[in-house]
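Worksheet: the structure to be examined is printed underneath.
Start at 1 and go down the list; that is how both ligands and their atoms are numbered. Remember, it's a predicted structure, so these values are computed and weren't measured experimentally. Position 1 is the first residue of the sequence, and the numbers go up from there.
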Amino acid sequence: MTETMSPTITTIAEIGKHEGQPVTIRGWLYNLRESGKLLFPIFRDGSGQIQGVVPKNAVSPETFDALKGLTQESSVIVEGKVRADKRAPGGYELDVSNVQVLQKVSESDPYPITPKEHGVDFLMEHRHLWIRSPRQAAILRVRAEIIKAARDFFDDRGFTLTDPPILTPAACEGTTTLFPVDYFDEQAYLTQSGQLYIEATAMALGKVYSFGPTFRAEKSKTRRHLTEFWMVEPEVAYATLDDVMELSEGLITFIVKRCLEKRRADLQTIGRDIAKLEKIDMPFPRINYDEAVKMLQEGFAKGALENKFEWGGDLGSPDETYLSALFERPLMIHRYPAKVKAFYMEPDPQRPDLALCVDVLAPEGYGEIIGGSQRMASHELLLQRIHEHGLPEEAFKWYLDLRKFGSVPHGGFGMGIERAVAWIGGLEHVRETIPFPRTLHRLYP
Ligand code: 4AD
Ligand code: MG
């Protein structure tokens with residue numbers, strides 16, 4: 001008895017391992033070019049794309065007819081022989097021998113996203129389909145690489161991953177951007193940052209980090225703001241502001257190098273100017289807030305900024321864009337006025353009106369990707385700040401406990417994953433950095 005073996009199932013990314021052999025790939029029809037008795041379908045399977053070659057006289061009539069006129073994004077299982085071709089984008093083509101169409105997309109209700117240009121609103125409304133486009137898929141792979149790199153960085157350096165709660169009783173980053181949630185008979189909020197909780201786990205485990213979703217009811221419609229975003233946050237017992245800055249530049253450099261090593265092809269698909277990323281290395285330039293103000297005022301004098309920046313204010317998006325475009329490496333700005341920063345930051349002992357904090361601005365005008373600080377160690381001062389900020393003391397009782405039972409200097413930072421993806425991918429807007437972005441006016445799909 002003879003058995004017909006069906007060819008090895010593989011992915012397009014792995015197809016080079018099967019040169020000269022018959023394989024099966026399972027995916028979708030991305031595009032189809034027809035020229036008389038020759039069909040050139042392009043298949044995609046999530047791992048990549050490959051062009052098939054289908055001469056009418058080389059395949060069965062069923063196979064030829066199944067492919068002829070086949071609609072974009074119809075699902076297909078394709079058998080064929082792998083052939084090396086130097087001109088092919090991936091280095092290989094498929095001599096198709098058999099095609100099984102699982103579901104044919106209707107001609108009267110065709111796939112809405114064609115290779116032609118579409119407006120952003122249309123694409124956002126079809127985000128569930130848009131992510132199939134090569135560029136969007138490449139962005140999502142870069143995002144996954146950045147997340148993996150961040151976790152590897154901390155895992156390999158003795159940090160313990162500790163997950164903070166998402167439902168919280170109080171604010172971490174100001175009360176104006178809280179998302180309220182009905183929590184039975186209590187008022188709860190979606191977390192703005194895991195920081196307060198990982199300060200507690202840092203006192204238990206020394207070096208910790210969290211990685212999770214965070215929420216801010218941001219009313220701003222900028223290219224940098226989402227209402228739901230992911231943050232990686234390390235927190236270290238006994239760390240000073242200098243330690244926090246060193247850890248920040250270490251993390252960013254590690255992530256960029258990892259992406260260059262593993263995601264170069266995806267970065268090229270996205271259209272990233274890779275030479276700019278190759279310039280990223282330690283140390284990063286460090287300036288204090290006073291120096292930043294001076295540079296902003298010079299920028300205004302030169303006409304590069306619309307508004308004159310006055311000492312004492314927080315940096316706005318145009319200010320960050322201006323400053324970060326002046327450097328080829330990420331810029332660390334430290335010691336902002338305490339008044340414009342969060343309640344939990346340690347004051348600078350030299351100038352108590354300043355906070356021991358740092359913002360890291362990505363180059364090329366991308367602005368803040370990291371915010372961090374040394375945390376306030378004194379129980380008395382922290383309690384005073386909680387009152388000054390109008391925060392409910394009762395909800396912070398546990399947090400104050402950390403200053404009663406073996407308080408130590410400590411610090412950490414948060415890096416927004418989407419901001420990092422936007423910069424590393426060279427993207428104009430954070431909406432493309434996450435599979436399903438949530439913004440002021442978008443909750444669908
Ligand atoms: O500077 P932020 O507000 O700092 C904190 O939340 C601290 N508790 C973190 C810490 O020290 N553990 O936010 C940190 C980072 C920002 O630098 C930015 O990258 C990102 O989170 N981020 C946002 N990303 C997208 N959309 C928003 N609305 C964001 N708000 C902050
Ligand atoms: Mg910040």
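- Considering backbone and side-chain N/O atoms, Glu235 never comes within less than 3.5 Å of an N/O atom of ligand 1.
- Residue contacts with ligand 1 for His225 involve both N, CA, C or O and side-chain atoms from C-beta outward (heavy atoms, distance under 4.0 Å).
- Residues Gln192 and Thr177 have side chains that bring a donor and an acceptor to within less than 3.5 angstrom of each other.
- Ligand 1 has an N or O atom lying under 3.5 Å from an N or O atom of Leu226, backbone or side chain.
- Among Arg224, Glu199, Glu418, the residue whose heavy atom lies closest to atom 25 (C) of ligand 1 is Arg224.
- Note on Glu145 versus Lys262: no salt bridge recorded, every NZ/NE/NH1/NH2 to OD/OE distance being 4.0 Å or above.
- For the Mg ion (ligand 2), the tally of protein N/O/S atoms lying closer than 2.8 Å stands at 1.
- The aromatic rings of Tyr336 and Tyr289 sit tilted, their planes meeting at an angle between 30° and 60°.
- Closest approach of Ile146 to Ile424, counting heavy atoms only: CD1-CD1, 3.8 Å.
- Summarising the geometry of Ser47 relative to Thr11, their closest heavy-atom pair is OG-CB, 3.6 Å, with the distance given to 0.1 Å.
- Of the candidates Met415, Arg438, Arg419, Arg419 brings a heavy atom nearest to atom 18 (C) of ligand 1.
- Residue Ser373 places no heavy atom under 4.0 Å from ligand 1.
- Under the 3.5 Å distance criterion, with hydrogens and angles disregarded, no donor-acceptor pair is assigned to the side chains of Thr160 and Thr162.
- The shortest N or O to N or O distance between Gln195 and ligand 1 is below 3.5 Å.
- Distances between N or O atoms of Gly416 and those of ligand 1 include at least one value under 3.5 Å.
- The proximity of Trp230 to ligand 1, defined as any non-hydrogen pair under 4.0 Å, does not occur for either the backbone or the side chain.
- Close approach of ligand 1 to Glu218 (heavy-atom distance below 4.0 Å) involves ligand atoms 28 (N).
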* To do: Step by step, work out the side-chain hydrogen bond (donor to acceptor under 3.5 Å, both in side chains) result for Glu199 and Gln195.
  => CA-CA 6 Å; Glu199 285 185 51; Gln195 180 199 317; 2.8 Å; yes
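- At a 4.0 Å heavy-atom cut-off, ligand 1 does not touch Glu228 at all.
- In terms of polar-atom proximity, Gln192 is not counted as a contact of ligand 1, lacking any N or O under 3.5 Å from an N or O of the ligand.
- A salt bridge links Arg272 to Glu364: at least one charged side-chain nitrogen sits closer than 4.0 Å to a carboxylate oxygen.
- Taking a cut-off of under 4.0 Å to the non-hydrogen atoms of Gly371, the atoms of ligand 1 that pass are 1 (O), 9 (C), 10 (C), 11 (O), 17 (O).
- Annotation: cation-pi pair Arg157/Phe254 present, NZ/CZ under 6.0 Å from the ring centroid and within 45° of its normal.
- Residue contacts with ligand 1: Glu173 is placed with a nitrogen or oxygen under 3.5 Å of a nitrogen or oxygen of the ligand (distance criterion only).
- For Arg375 and Ser373, the side-chain atoms include at least one donor-acceptor pair closer than 3.5 Å.
- Of the options Pro437, Gly414, Cys357, the smallest heavy-atom separation from atom 15 (C) of ligand 1 is shown by Gly414.
- Between His128 and His126, the two ring planes are parallel [angle under 30°; tilted spans 30° to 60°].
- Within the listing of ligand 1, atoms 10 (C), 11 (O), 12 (N) sit less than 4.0 angstrom from a heavy atom of Arg375.
- Polar contact check, Phe229 against ligand 1: no nitrogen or oxygen pair lies under 3.5 Å apart.
- Listed by number with element, the atoms of ligand 1 under 4.0 angstrom from any heavy atom of Tyr344 are 7 (C), 8 (N).
- Qualifying ring-ring contact (aromatic ring centres under 6.0 Å, His included) partners for Tyr209, counting only residues two or more places apart in sequence or in other chains: Phe154.
- Remark: the backbone N or O of Lys276 is not paired with any side-chain donor or acceptor of Glu328 at under 3.5 angstrom.
- Near Ile370, the atoms of ligand 1 lying under 4.0 angstrom from a non-hydrogen atom of the residue are 17 (O).
- Neither the backbone nor the side chain of Asp359 has any atom closer than 4.0 Å to an atom of ligand 1 (non-hydrogen atoms only).
- Both the sub-6.0 Å distance and the 45° axial angle are satisfied by Arg33 relative to the ring of Phe40.
- Within the structure, the closest approach of Ile369 to ligand 1 falls below 4.0 Å when heavy atoms are considered.
- Side-chain contact check for Thr240 and Asp243: at least one donor-acceptor pair (N or O, by modelled atom type) lies under 3.5 Å.
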